[in-house]
A.B. asks: 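Input: one structure, supplied below.
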Amino acid sequence: MTQLLKISLPDGSVREMEPGSSPADVAAAIGPGLAKAALAARVDGEVRDLNRPFDGDAELALITARDEADALELVRHDYAHLLAEAVQALFPGTQITFGPATDDGFYYDVMAPASRAPFSSEDLPAIEAKMRELIKADKPLRREVWSRADLIAKWEADGEAFKAEWAKELPEGEELTVYWSGDDWLDMCRGPHLASTGKLDPDAFKLTRIAGAYWRGDQSNPQLTRIYGTGWLNKKQLKQHLHNLEEAAKRDHRKLGREMDLFHLQEEAHGSVFWHPKGYMIWRELEAYMRRKMDATGYREIKTPQLMDVRQWEQSGHWGKYAENMFAVPDMVPQVDEDGDGPAKPTVEKDADWMAIKPMNCPAHVIVFKQGITSYRDLPIRLGEMGCCHRNEPHGALHGLMRVRQFTQDDAHIFCTEEQVVEEVRAFCELANSVYKDFGFTYHVKLALRPEKRFGSEADWDKAEQELRDAVAEAGMANEEFGWEELPGEGAFYAPKLEWHLTDAIGRTWQVGTIQGDRVLPDRLDATYVGEDGGRHRPVMLHRAIFGSYERFIGILIEHFAGRLPVWLAPVQAVVAPIVSDIDGYASEVEAKLKAAGIRVESDLRNEKINYKVREHSLAKVPHLFVVGKREAEEGTVAIRTLGEKEQRVMPLDEAVAMLKQAATPPDLADQTA
RNA sequence: GCCGCUUUAGCUCAGGUGGUAGAGCACAUCAUUCGUAAUGAUGGGGUCAGAGGUUCGAGUCCUCUAAGCGGCACCA
C-alpha cells in the first residue's frame with residue numbers, strides 16, 4: 001500500500017502525488033503551459049531540479065522565467081557548465097575546475113592542455129558556436145549521486161588533477177552529486193540544473209573575455225584561464241545588458257577626465273595624477289566643503305611632514321609590516337656620475353640614512369598628540385589633515401583615479417578615552433551621513449570583523465567590535481535601510497573597522513569612508529594622557545575618513561554624475577555666448593556681473609555660429625549656457641539654456657545672476673542663503 | 001606581482017603577405033556675423049612607446065623593458 005505525498009503549492013492548495021513523483025510531474029498535472037515554462041523547483045525552500053523526486057511531503061513553488069533572480073542564477077550556472085563541456089569538446093585534454101554564476105553571467109576556470117597555448121579571445125567564437133550546438137542538441141541534464149571514491153577515481157582516470165584534488169578534500173561520506181549532460185559528459189556539481197540544455201536560449205549569452213585566475217584564488221597556485229561570459233534568460237535581456245555596459249563605459253572617469261580636461265596620467269609618474277585647472281577646481285571645492293564640515297564638528301587641522309626618518313617608521317611598526325608598499329629615499333644629495341658612458345645615475349653612499357615617504361598620516365598625528373602633556377579634560381582631541389600619502393601599490397592594481405600611488409586623504413584621528421569611543425563613532429556616523437547625503441549618495445554601512453592574523457587579545461577585539469556595533473545602533477543605522485552587515489575576517493590587523501559603501505547612479509558600489517578603533521598604535525608610540533586619578537592612561541585612537549581620498553572620490557563623482565557635476569562643483573558653472581560679435585560688449589557685462597556674484601563663468605566670444613557654441617559647451621557639460629543676442633542686449637535679459645533641459649528660459653540679468661548664485665551654493669551653505 | 005591583450009599626430013583610429021606613414025576631430029590662418037548640438041577653404045603637425053636584433057630594407061618579423069587595458073592576487 002502506498003501513501004500519497006502531500007504537495008502544498010504557493011496558492012495554498014495541496015496536491016496528492018504518487019511517491020517517486022517530481023516537481024515536473026506536478027507541473028504537468030497543473031497544465032502543459034506550466035510544464036513547459038517551469039525551469040526548476042523550490043522544494044521546502046531549496047532550489048532543486050525539476051525532475052528530482054520528492055523525498056516526502058513538501059512545499060513546492062515552481063520556478064519559471066518570471067522568478068527572475070532564481071531563474072537567472074539557474075541559467076547562468078547552466079551556461080557555465082555548457083562552457084566547460086564546449087571547451088573540452090573542442091580541445092580534448094583541457095582540465096576543468098570551477099564555474100559559478102556571477103552578477104551578470106558566469107565564468108569557468110580551465111587549464112589548456114600542455115599541447116597548446118593558453119586560450120585567447122580568438123578561441124571565443126568557436127567556443128560560443130560549440131555551446132550553441134550543445135543547446136540545440138537539447139541534451140538532458142541528469143543528476144546522480146556518487147561516492148567520493150568513485151569521483152576521485154573518475155577524475156584521476158581522466159587526468160583532471162584539479163577536480164581530483166578538490167574531490168579528495170570533500171568530507172567523507174557526504175552525498176556527492178554529479179550532473180550528466182546527455183551520457184557523454186559530466187561535472188561534479190551541487191546543482192540544481194535545468195532539465196536539459198535546450199532550455200537555454202542560444203541567443204541570450206555571449207562570451208566576453210579571457211583572464212588569468214589562480215587556482216583556488218591563491219597566488220602560489222598555478223594560474224588557470226578564466227573564460228567569462230554574460231548570460232540571460234532571453235535575447236532582449238542580453239541586448240539590454242550590452243547596452244548598459246556601453247552606457248557605463250561612456251561615464252568612465254578616465255574618458256571623461258580627458259574629454260572635460262580635468263586631469264591626466266602619464267607614464268613618467270604612473271599612479272600619480274596631474275590635475276588640470278578644471279579638475280583641481282573640483283578638488284578645491286571639495287576641500288573647502290570638507291574643511292567647513294570638519295571645522296563645524298570640532299576637528300582641528302594640521303599639516304605633517306611628507307618624509308620621516310625610517311627609524312620613526314620602524315617604531316610605528318610600518319617599516320616591518322608595510323615596507324614593501326613604501327617609498328624610501330636616502331637622506332643625502334645625489335651624486336650624479338657623469339664620467340661613465342652609461343646614463344648618469346645618482347649614487348647612494350653605503351651609510352646613507354634612509355627616509356620614507358608617508359604611506360599614511362597616523363604616526364605623525366600621534367607625534368603631534370604627544371607634544372606636551374594632555375589632560376583627560378582635553379579629550380577628545382580630533383586632529384584632521386588633508387594628508388598626501390604615497391603607497392607603492394602592486395602595478396596591476398592601479399586604475400585611473402580609483403587606485404593610485406599618490407593620494408590625499410580627508411584624514412583625521414580622534415584621540416579619546418575608552419568611555420568616549422561610542423559617542424565619537426556615533427557622531428562620525430552622523431557626519432558621514434550628512435556628507436554623503438549632500439552628494440546624493442545612498443550607502444551601506446558594514447562592520448569588518450577581526451581577521452585571522454591580528455594583534456591584541458580576544459577581549460580587546462570583543463570590546464572594539466562591540467563599541468562599533470553599539471555606536472552604529474545608536475546612530476540608528478544598524479538596520480536594513482543602511483544595508484547593515486557584518487563581514488567576518490575583513491578587519492585590519494590592528495582593529496575592526498566600519499566601512500561606508502556608496503551606491504552610485506548606475507548601482508555600482510564603492511567603499512569610501514571608514515572609522516577604526518585602534519589601541520595598538522597609541523601603545524607602540526607610547527601616547528598617553530593624564531587621567532582624573534593623576535595617572536597616565538592610553539587614549540584610544542580612531543582613524544577615520546569620509547571621502548577616503550580626493551582622487552577616488554572625484555573619480556566616483558565623475559562616474560556617478562556622468563560628468564554632469566552639480567553646479568557648485570562644476571569647474572565652469574556658466575558660459576556666456578553672444579550670437580553675433582556686436583553683442584560682445586553686453587556679453588562681457590553679463591560675464592562681469594556673474595563673476596562679481598562669485599560664479600565661475602567664461603564668455604565665448606569666438607566667431608562661431610551659436611549652434612557650434614551650444615554643442616561644444618553642452619559636450620563640455622557646462623551646467624548653464626547664457627545665450628545673448630540683439631534682443632537680450634536691448635532688453636537686459638539672458639536666454640538660459642540649462643544642461644539636460646529642453647526649454648530655454650529668458651529672464652532679466654539680475655534675476656539670472658541670483659538664480660545661478662543660489663544654484664552654485666554648496667549644499668552645506670544652502671540653508672543660510674535661502 | 002601573475003595571465004592575456006594593447007601602445008601609430010593633442011584625441012579617436014586606418015595602415016593584407018616587410019619597400020621608408022594616412023583620415024576625422026582638435027590647432028593655426030583667411031573668409032563668413034550666421035538665434036540654440038558641428039560654416040567653408042587653406043595650412044602646420046608623427047624617431048610609428050623605448051632599447052636591441054633579423055634583413056639590402058622594419059610601423060609591419062623576433063627579444064627585452066616600460067606603461068595602459070581586462071581579470072586574478074593585493075588594498076596593512
Side-chain angles (χ1 to χ4, degrees), chain A residues 102 107 109 111-112 117-123 208-228 249 252 254-255 258-259 261 264-271 316-318 320-326 343 359-360 362 391-400 402-405 407 451 453-455 490-495 497 511 514 516 518 520-521 543 548-549 552 577-584 605-620 625-632 639-643 645-648 650:
Chain A
T102 63
Y107 67 77
D109 286 349
M111 173 73 104
F119 299 112
S120 76
S121 45
E122 283 164 24
D123 296 314
T208 48
R209 55 181 173 262
I210 295 251
Y214 299 106
W215 166 235
R216 307 177 81 167
D218 187 334
Q219 207 173 155
S220 56
N221 284 339
Q223 192 149 29
L224 309 166
T225 303
R226 178 168 297 177
I227 303 175
Y228 279 94
D252 189 307
R254 294 165 299 188
K255 178 175 148 71
R258 192 170 49 240
E259 288 173 0
D261 193 19
H264 85 271
L265 296 157
Q266 70 179 48
E267 201 171 325
E268 288 75 8
H270 71 106
S316 68
H318 293 101
K321 281 228 166 237
Y322 201 64
E324 62 182 27
N325 288 298
M326 289 171 68
M360 57 201 64
C362 344
R391 296 181 190 176
N392 197 351
E393 301 284 5
H395 288 196
L398 300 177
H399 179 90
M402 301 307 195
R403 190 88 179 267
V404 286
R405 304 209 297 179
F407 54 92
K453 285 183 189 166
R454 56 180 180 262
F455 282 3
E490 302 268 313
F493 74 89
Y494 55 86
K497 54 182 180 180
Q511 202 227 296
T514 181
Q516 308 155 21
D518 180 7
V520 174
L521 201 58
H543 306 247
S549 83
R552 195 170 150 78
I579 293 167
V580 290
S581 53
D582 291 352
I583 309 300
D584 287 0
L605 305 183
R606 289 175 304 171
N607 174 14
E608 294 290 352
K609 292 169 81 166
I610 193 65
N611 292 28
Y612 181 86
K613 294 183 186 180
V614 166
R615 176 182 155 81
E616 188 155 289
H617 299 299
S618 298
L619 288 175
L625 188 56
F626 284 31
V627 177
V628 291
K630 289 202 179 77
R631 209 155 54 225
E632 285 77 13
I640 302 178
R641 191 188 162 108
T642 298
L643 191 64
E645 286 176 19
K646 289 224 168 77
E647 299 293 315
Q648 67 164 343
V650 179

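On a predicted model such as this, the values are computed, not experimentally measured, just so you know. Proteins come first, then strands; the chains are lettered A, B, ... in the order of their sequence lines, and each starts at number 1.
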A.B. asks: Classify the nucleic acid contact of K497(A) as base, sugar-phosphate or nothing, counting any heavy atom under 4.0 Å across all strands shown.
C.D. replies: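 Sugar-phosphate, no base atom in range.
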
A.B. asks: Between F455(A) and F493(A), does the ring centroid distance fall short of 6.0 Å?
C.D. replies: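 That pair passes the under 6.0 Å test.
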
A.B. asks: Could you go through nucleotides 71-73 of chain B and list every protein N or O atom that sits under 3.5 Å from one of its N or O atoms, giving the distance for each pair?
C.D. replies:
{"residue": "rG71(B)", "atom": "O3'", "partner": "Y228(A)", "partner atom": "OH", "Å": "3.1"}
{"residue": "rG71(B)", "atom": "O2'", "partner": "Y228(A)", "partner atom": "OH", "Å": "3.2"}
{"residue": "rG71(B)", "atom": "N2", "partner": "G212(A)", "partner atom": "O", "Å": "3.3"}
{"residue": "rG71(B)", "atom": "N2", "partner": "Q223(A)", "partner atom": "NE2", "Å": "3.3"}
{"residue": "rC72(B)", "atom": "O4'", "partner": "G212(A)", "partner atom": "O", "Å": "3.2"}
{"residue": "rC72(B)", "atom": "O2'", "partner": "Y214(A)", "partner atom": "N", "Å": "3.2"}
{"residue": "rA73(B)", "atom": "O2'", "partner": "Q219(A)", "partner atom": "NE2", "Å": "2.4"}

A.B. asks: Which part of the nucleic acid, if any, lies within contact of Q516(A), taking any heavy atom under 4.0 Å across all strands shown: a base, the sugar-phosphate backbone alone, or nothing?
C.D. replies: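 Answer is nothing: Q516(A) stays at 4.0 Å or more from every strand.
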
A.B. asks: Students often get this wrong, so: under 4.0 angstrom with heavy atoms, is I610(A) touching a base, only sugar-phosphate, or nothing?
C.D. replies: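 Here I610(A) touches the backbone only, sparing every base.
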
A.B. asks: Base, sugar-phosphate, or nothing: which does K630(A) touch, judged by heavy atoms less than 4.0 Å apart?
C.D. replies: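 Touches a base.
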
A.B. asks: Taking only N/O atoms, report every protein-nucleotides 23-27 of chain B pair under 3.5 Å with atom names and distance.
C.D. replies:
{"residue": "rA26(B)", "atom": "OP1", "partner": "Y612(A)", "partner atom": "OH", "Å": "3.3"}

A.B. asks: Would you mind classifying the nucleic acid contact of H270(A) as base, sugar-phosphate or nothing, using non-hydrogen atoms under 4.0 angstrom?
C.D. replies: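 Result for H270(A) = sugar-phosphate.
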
A.B. asks: Using a cutoff of under 3.5 Å, can you pull out all pairs of nitrogen or oxygen atoms linking the protein to nucleotides 45-52 of chain B, with atom names and distances?
C.D. replies:
none

A.B. asks: List for me each residue that meets salt bridge (charged side-chain N to carboxylate O under 4.0 Å, His left out) alongside D582(A), sequence neighbours excluded, and say none if there are none.
C.D. replies: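 Partners of D582(A) by the salt bridge (charged side-chain N to carboxylate O under 4.0 Å, His left out) criterion come out as none, since no residue qualifies.
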
A.B. asks: Please write out each protein N/O paired with an N/O of nucleotides 10-17 of chain B under 3.5 Å, distance rounded to 0.1 Å.
C.D. replies:
{"residue": "rC11(B)", "atom": "O3'", "partner": "R258(A)", "partner atom": "NE", "Å": "3.3"}
{"residue": "rU12(B)", "atom": "OP1", "partner": "R258(A)", "partner atom": "NH2", "Å": "3.0"}

A.B. asks: Taking salt bridge (charged side-chain N to carboxylate O under 4.0 Å, His left out) as the definition, give me every residue that meets it alongside R209(A), ordered by chain and number, with sequence neighbours left out.
C.D. replies: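 If we apply the salt bridge (charged side-chain N to carboxylate O under 4.0 Å, His left out) test to R209(A), skipping adjacent residues, there are no hits.
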
A.B. asks: Given that R615(A) and L398(A) both sit by RNA chain B, which one's nearest nucleotide is further toward the 5' end?
C.D. replies: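 So the residue in question is R615(A).
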
A.B. asks: Tell me whether the count of non-hydrogen atoms from other residues, nucleotides or ligands lying under 6.0 Å of CD in E268(A) goes above 12.
C.D. replies: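 Buried by this count: over 12 neighbours within 6.0 Å.
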
